[in-house]
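Below: one structure, written as structure tokens.
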Amino acid sequence: MSEEEELVYEVHEIVVQKIGHVPVAKGDFNHLPRKVKTFVAHCVQLCKPRGIYICDGDQAEADEIIHKLLERGTLTRLTKYQNNYLCRTDPADVARVESKTFIVTENKYDSVPHVREGVSGTLGAWLSPEDTKEELDQRFPGCMAGRMMYIIPFSMGPVGSPLSKIGVQVTDSNYVLLCMRTMTRVTPRVWEVLGDSDFVKCIHSLGCPRPVQRRVKNHWPCNPEKVMIVHFPEQRKIKSFGSGYGGNSLLGKKCFALRIASVIARDEGWMAEHMLIMSITTPKNKEFFVAAAFPSACGKTNLAMLNPSLPGFRIQCVGDDIAWMKFDDSGVLHGINPEAGFFGVAPGTNMKTNPNAMLSFQANSIFTNVAETADGGYFWEGLEDETPKGIGIIDWLGNPWHPGCVGKAAHPNSRFTAPASQCPIIHPKWEDPKGVPISALIFGGRRPVGVPLVFESKSWAHGVLIGACVKSEATAAAEHQGKNIMHDPMAMRPFMGYNFGHYLQHWLDLEKPDRQMPKIFHVNWFRVDSKGQFLWPGFGDNIRVLDWILRRCEGDNSIAEETPIGYVPKKGTIDLSGLEGINEDELFSLPKHYWLDDTRESKRFLEDQVGIDTPSIIFKLLDEQEEAFNKCPE
Ligand code: OXD
Ligand code: MN
């Protein structure tokens with residue numbers, strides 16, 4: 001019996017139900033599955049909320065919560081649209097806090113790799129169970145005093161799909177409840193599907209018990225000094241304290257669907273990845289699904305909803321951020337989007353860069369830390385041409401703003417939260433419990449120099465190496481300033497739930513003779529010329545690269561040539577019709593000394609960061625790459 005199951009709780013059903021002395025404000029505690037009752041009772045005893053609210057996901061619940069948040073001033077109605085709201089957070093709570101995010105296991109090396117002595121590890125942070133207990137004991141006891149505790153039943157993936165998983169989140173934030181309703185499937189059907197099985201336990205608190213100890217800014221209670229997000233993969237549990245912001249508080253997303261799910265996936269033989277899933281139908285009416293992993297803020301949402309510039313192609317979106325994939329009995333990899341909404345970076349999104357995203361959030365959406373126009377609209381950098389000229393704008397901090405002002409109108413990590421079902425090109429099978437068959441996996445990053453527009457791995461293992469070597473220019477979401485290139489292996493650096501070396505081995509082990517292994521590619525839309533100008537137009541023109549990828553998936557060997565980094569397109573095999581001034585030679589060149597340096601740097605990174613946990617084939621392939629470049633003419 002676990003510590004939680006041993007707890008004794010009493011339910012009194014006289015006037016209102018009570019757990020201990022805490023009244024149940026909504027819902028029927030008696031009808032919850034047994035293990036959920038135990039979990040909730042434990043949370044009540046620990047957090048001491050003033051009441052318990054068991055969520056049912058219906059519209060009346062949303063109306064009630066929105067009404068409360070409007071009254072309090074946390075949300076403002078954006079009157080230009082239907083049921084759209086603006087939320088300004090405390091300016092100290094605007095992004096994921098990687099430095100306070102930990103994985104807790106008995107054995108350190110289950111969580112993180114053996115790094116070289118004197119090197120600080122960047123692939124996840126481990127905290128011992130003892131230190132974790134000490135930290136959490138300073139935070140959680142009584143942390144919900146004077147606040148309601150919301151109990152949120154949610155399914156990641158279609159309710160009841162064999163690929164889906166169930167979580168229960170308790171939170172004292174009704175903003176979090178509202179967003180969880182969009183980003184996951186919140187419904188009492190979850191209780192039925194769950195029965196007596198286990199679920200992922202998610203405990204979230206703003207860390208602001210009443211009476212509040214710190215000044216609350218923007219009606220956004222939080223506790224930035226004490227933020228802590230801890231994952232217990234062995235217990236399938238997450239505890240998050242002090243932040244109400246997206247990735248820290250919507251625990252179904254990064255915490256569950258990536259960090260905890262990557263561990264479940266390893267144990268059960270599947271994959272939980274930071275990948276979009278999209279469908280491409282060719283002019284010959286053949287449909288393919290691909291999954292693609294790019295580091296945060298590299299345009300996954302834009303690619304997932306691409307508006308193709310080549311005639312005859314059709315794109316449909318399955319998901320924009322996370323893919324759960326499993327080989328079926330016939331050896332075909334099938335993927336689902338475990339999420340139900342988009343939590344996208346707002347700045348840069350407009351009718352040119354991503355019309356389908358724009359159309360997804362014209363109603364029923366929440367905008368966090370964007371600017372507001374005087375006519376009740378949203379505004380952010382990138383919307384200048386789509387906003388009435390001269391209109392009054394209030395920035396994300398609540399101050400008047402006009403073009404040319406110092407400072408940004410919207411926070412660079414400001415977000416839209418929109419139901420995926422509202423995307424005009426959402427795939428009819430996006431909720432298919434079987435998932436969709438995946439033909440290709442694509443990695444990518446922002447690589448201004450050296451890296452060609454597209455290349456293909458020589459084998460599955462070589463594809464794993466390509467994923468392990470993903471790097472990108474740093475972004476706002478990654479908490480870093482400046483333009484340095486950072487390693488983000490598999491685009492999972494901030495989201496790894498276990499030892500990255502073991503993760504690479506898990507990927508390698510997925511290859512089996514009776515499986516149709518997807519082909520693996522790497523793309524780079526961001527290469528620049530010597531003047532710093534992009535060599536590739538990107539956005540809708542990326543269909544030209546996808547077209548080449550699909551022809552490779554169909555087995556066209558005439559369009560590729562082998563190089564030390566893999567297969568690249570033979571000159572003239574990417575469809576450039578209607579495009580002018582593309583410098584194919586520069587776009588595809590493989591500068592020998594750049595690649596020698598890059599290969600050695602990647603090797604050093606893996607030696608430093610993954611050390612003895614790195615599967616030996618990875619180093620062997622890197623050595624082969626270095627040798628092949630050494631043999632290339634100057
Ligand atoms: C995200 C991220 O929010 O990757 O999706 O940071
Ligand atoms: Mn992401």
Side-chain angles (χ1 to χ4, degrees), residues 87 89 93-101 122-124 156 176 179-180 182-184 227 229 240 243-262 271-278 291-305 317-324 335 337-349 354 357 360-361 365-370 380 410-418 420 423 442-446 467 470-480 486-497:
C87 175
T89 70
D93 191 19
V94 293
R96 281 187 287 105
V97 188
E98 279 174 38
S99 56
K100 295 288 157 56
T101 300
T122 59
L123 298 174
M156 297 311 289
V176 166
C179 294
M180 283 292 286
T182 301
M183 295 306 298
T184 75
V227 166
I229 301 121
S240 167
S243 165
Y245 198 85
N248 303 323
S249 67
L250 311 179
L251 300 187
K253 194 173 176 64
K254 305 297 187 182
C255 299
F256 176 168
L258 289 174
R259 297 194 192 96
I260 296 288
S262 63
M271 314 162 86
E273 303 300 334
H274 192 204
M275 290 182 176
L276 64 87
I277 304 179
M278 67 195 291
F294 304 156
S296 301
C298 280
K300 280 214 307 295
T301 305
N302 291 346
L303 182 61
M305 299 179 196
C317 173
V318 176
D320 78 327
D321 196 40
I322 299 176
W324 285 0
N337 169 13
E339 302 191 276
F342 306 126
F343 181 65
V345 175
T349 310
N354 196 340
S360 304
F361 53 61
S365 298
I366 299 166
F367 299 83
T368 308
N369 289 337
V370 306
W380 49 74
H411 187 277
N413 191 34
S414 56
R415 301 285 179 140
F416 54 83
T417 308
C423 178
I442 305 173
F443 292 105
R446 287 176 185 268
V470 165
K471 303 177 207 180
S472 194
E473 272 185 349
T475 66
E479 271 187 3
H480 288 269
M486 283 177 38
H487 281 272
D488 192 345
M490 304 293 208
M492 282 288 279
R493 184 191 54 77
F495 310 120
M496 276 308 305

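Note that ligands are numbered from 1 as they come in the structure, with each ligand's atoms numbered from 1 the same way.
S249 places a side-chain N or O within 3.5 Å of a backbone atom of G244 that can act as its donor or acceptor partner. The backbone N or O of V94 sits less than 3.5 Å from a side-chain atom of N413, completing a donor-acceptor pair. With R415 contributing its side chain and F343 its backbone, the two residues share a donor-acceptor pair below 3.5 Å. Using a distance-only test at 3.5 Å, with no hydrogens or angles considered, no donor-acceptor pair links the side chain of S243 to the main chain of D93.
Heavy-atom contacts of K254 reach the following atoms of ligand 1: 1 (C), 2 (C), 3 (O), 4 (O), 5 (O) (cutoff under 4.0 Å). Counting the atoms of ligand 1 from 1 in the order shown, those under 4.0 Å from a heavy atom of H274 are 4 (O). Which parts of ligand 1 touch S296 is read off a 4.0 Å heavy-atom cut-off, strictly below it: atoms 2 (C), 4 (O), 6 (O). Here is the list of ligand 1 atoms found below 4.0 Å of a heavy atom in D321: 5 (O). Atoms of ligand 1 found under 4.0 Å from any heavy atom of R96, numbered from 1 in the order shown, are 2 (C), 6 (O).
Aromatic ring orientation, F361 versus W380: perpendicular (interplanar angle above 60°, classes split at 30° and 60°).
Here the side chains of T101 and R259 are in contact, with some heavy-atom distance below 4.5 Å. At a threshold of 4.5 Å between non-hydrogen side-chain atoms, the residues L123 and R493 count as touching.
Defined by atom type and a distance below 3.5 Å, a donor-acceptor pair is present between the side-chain atoms of T89 and N369. Judged by distance alone, the side chains of T301 and D320 do bring a donor and an acceptor atom under 3.5 Å apart.
Of all protein atoms, those of element N, O or S that lie under 2.8 Å from the Mn ion (ligand 2) number 3.
Contacts of D488 classified as side chain to side chain donor-acceptor pair (under 3.5 Å), with partners at least two apart in sequence or in another chain: none.
Checked by distance only, ligand 1 and K300 stay at 3.5 Å or farther apart across all their nitrogen or oxygen atoms. An N or O contact shorter than 3.5 Å is missing between K253 and ligand 1 by distance.
Residue-level proximity to ligand 1 for F495 is carried by the side chain, the only part with a heavy atom below 4.0 angstrom.
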